[in-house]
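Have a look at the structure below, then the notes.
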Amino acid sequence: NNPSKADEVKAYLRDHENIRHMCYLPLHLVMITFIHRQKDKTPLPQTETDVYRQFTIMALVRYFSKLGKTVKIKDLELLPPQESSLFKGICRLAYTTTTSSKTFIFLEELLPIGGEGFITDIQSSNLGILVMDQKRDTSGLEPTFSFAHLTHQEFLAAYHVSRLTPEEQLKAIKEHVVQPHMGVVLKF
């Protein structure tokens, strides 16, 4: 609603062709606009990875705010310990679902990814990153989890891979490079 703010976003996009290129997806334009609103608190992104990193941080801050907690997050590596563990599990889930070309996962499928504790944690807190829903299967309605957008899932999968050892990264790439969504994961 503010023409001068709109002009600032336009100028930013004009000066950052790689970010402007993302705006063919309306979701990306919304993400960039939200990040631009916070520009006094954080530098504007220079890469697509920066856009998703900052957007993820904003989602986490919003989640904590809804709980009445004021948490300043400058880096995804600096989350409080309990949330850090859950976030890493969610990133592992993003990697697992991306490499198996899944966009949602049933509750019982979480067990091999993170064990009983992960299932309990994910049911009580998804950090504002996962969408909980229900899908019909042979036994009726079952709880499912998904990411709000496939590209966010792919970013979190890439974040997971980036935290592996170089040997594990190479193995992951070799095993999954031909899968449809791994191109986006590798781009991050």
Side-chain angles (χ1 to χ4, degrees), residues 27 30-31 34-35 38 42 49 51-169 171-173 175-176 179-182 184-186 188:
L27 172 68
V30 169
M31 290 168 63
F34 281 138
I35 292 168
Q38 302 294 318
T42 183
T49 302
V51 169
Y52 274 89
R53 181 182 302 112
Q54 288 184 24
F55 186 77
T56 301
I57 288 171
M58 289 174 62
L60 291 165
V61 168
R62 184 171 182 251
Y63 166 79
F64 286 116
S65 175
K66 284 183 172 186
L67 295 177
K69 297 179 182 178
T70 303
V71 177
K72 293 184 181 190
I73 303 170
K74 297 279 187 206
D75 189 309
L76 292 172
E77 289 294 309
L78 302 176
L79 294 174
Q82 183 177 355
E83 287 80 5
S84 177
S85 176
L86 182 56
F87 180 71
K88 288 174 184 172
I90 290 171
C91 291
R92 191 171 48 254
L93 173 63
Y95 173 75
T96 302
T97 53
T98 300
T99 57
S100 61
S101 296
K102 289 182 148 195
T103 54
F104 70 90
I105 189 166
F106 286 102
L107 186 63
E108 66 271 2
E109 294 175 298
L110 293 173
L111 192 59
I113 295 169
E116 290 288 341
F118 182 60
I119 291 174
T120 302
D121 290 346
I122 216 88
Q123 286 181 297
S124 64
S125 167
N126 60 31
L127 298 180
I129 295 174
L130 285 175
V131 176
M132 293 187 288
D133 199 3
Q134 292 186 339
K135 299 265 186 224
R136 186 165 302 283
D137 74 354
T138 55
S139 63
L141 288 176
E142 292 290 326
T144 61
F145 298 88
S146 63
F147 295 88
H149 195 274
L150 178 59
T151 314
H152 196 219
Q153 176 181 332
E154 293 160 336
F155 165 76
L156 294 170
Y159 187 84
H160 170 74
V161 171
S162 75
R163 298 308 179 255
L164 299 174
T165 66
E167 295 80 18
E168 292 169 324
Q169 289 177 359
K171 181 181 178 203
I173 291 167
E175 286 179 8
H176 303 291
Q179 292 175 317
H181 301 288
M182 284 305 285
V184 176
V185 171
L186 296 174
F188 283 116

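We count residues from 1, following the sequence as given. Keep in mind the model is a prediction, meaning the values are calculated, not measured.
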Pairwise distance CD(Q54) to OG1(T49) - rounded to 0.5 angstrom: 11.5 Å
Who pairs with R62 by salt bridge (Lys or Arg N to Asp or Glu O under 4.0 Å), at least two apart in sequence or on another chain? none
Taking only residues two or more places apart in sequence or in another chain, which ones pass side-chain contact (heavy atoms from CB on, under 4.5 Å) with K102? T97, S100, E109
Applying side-chain contact (heavy atoms from CB on, under 4.5 Å) to V61 and not counting sequence neighbours gives I57, I73
Do M58 and M31 come within less than 4.5 Å of each other through their side chains, counting heavy atoms only? no
Could you tell me whether the side chain of S125 and the main chain of D121 form a donor-acceptor pair under 3.5 Å? no
Taking only residues two or more places apart in sequence, or in another chain, which ones meet E175 in a salt bridge (Lys or Arg N to Asp or Glu O under 4.0 Å)? K171
According to salt bridge (Lys or Arg N to Asp or Glu O under 4.0 Å), does anything in residues 152-162 pair up with another residue at least two apart or in another chain? List the pairs. none
Could you list all the ring-ring contact (aromatic ring centres under 6.0 Å, His included) pairs where at least one residue sits in residues 58-77, not counting sequence neighbours? none
T96: side chain to side chain donor-acceptor pair (under 3.5 Å) partners, not counting sequence neighbours: none
For the student: nearest non-hydrogen atoms of Q123 and L107, plus distance: NE2-CD2, 3.4 Å
Do T144 and M132 touch side chain to side chain, with heavy atoms closer than 4.5 Å? no
Mind listing the closest non-hydrogen atom pair of T99 and Q179 along with its distance? O-NE2, 2.6 Å
Apply side chain to side chain contact (heavy atoms under 4.5 Å, CB included) to Y159 and E77, showing your working. CA-CA 10 Å; Y159 187 84; E77 289 294 309; 2.4 Å; yes
Name all residues meeting the ring-ring contact (aromatic ring centres under 6.0 Å, His included) criterion together with F104; count only those two or more places apart in sequence or in a different chain, and write none if there are none. F106
List in chain and number order the residues that pass side chain to side chain donor-acceptor pair (under 3.5 Å) with S146, two or more places apart in sequence or in another chain; answer none if no residue qualifies. none
Report yes if some heavy atom in the side chain of F145 is under 4.5 Å from a heavy atom in the side chain of I129; otherwise report no. no
Could you work out, with side-chain contact (heavy atoms from CB on, under 4.5 Å) as the rule, every residue matching T70, not counting sequence neighbours? none
Distance-only donor-acceptor hits, side chain of residues 78-95, under 3.5 Å, sequence neighbours excluded:
{"unit_1": "R92", "atom_1": "NE", "unit_2": "I113", "atom_2": "O", "d": "2.9"}
{"unit_1": "Y95", "atom_1": "OH", "unit_2": "H176", "atom_2": "NE2", "d": "3.4"}

Interatomic spacing from CD1 in I122 to CG in L110 - rounded to 0.5 Å: 6.5 Å
Looking only at side-chain N and O atoms, does Q153 offer a donor or acceptor that is under 3.5 Å from a partner on T98? yes
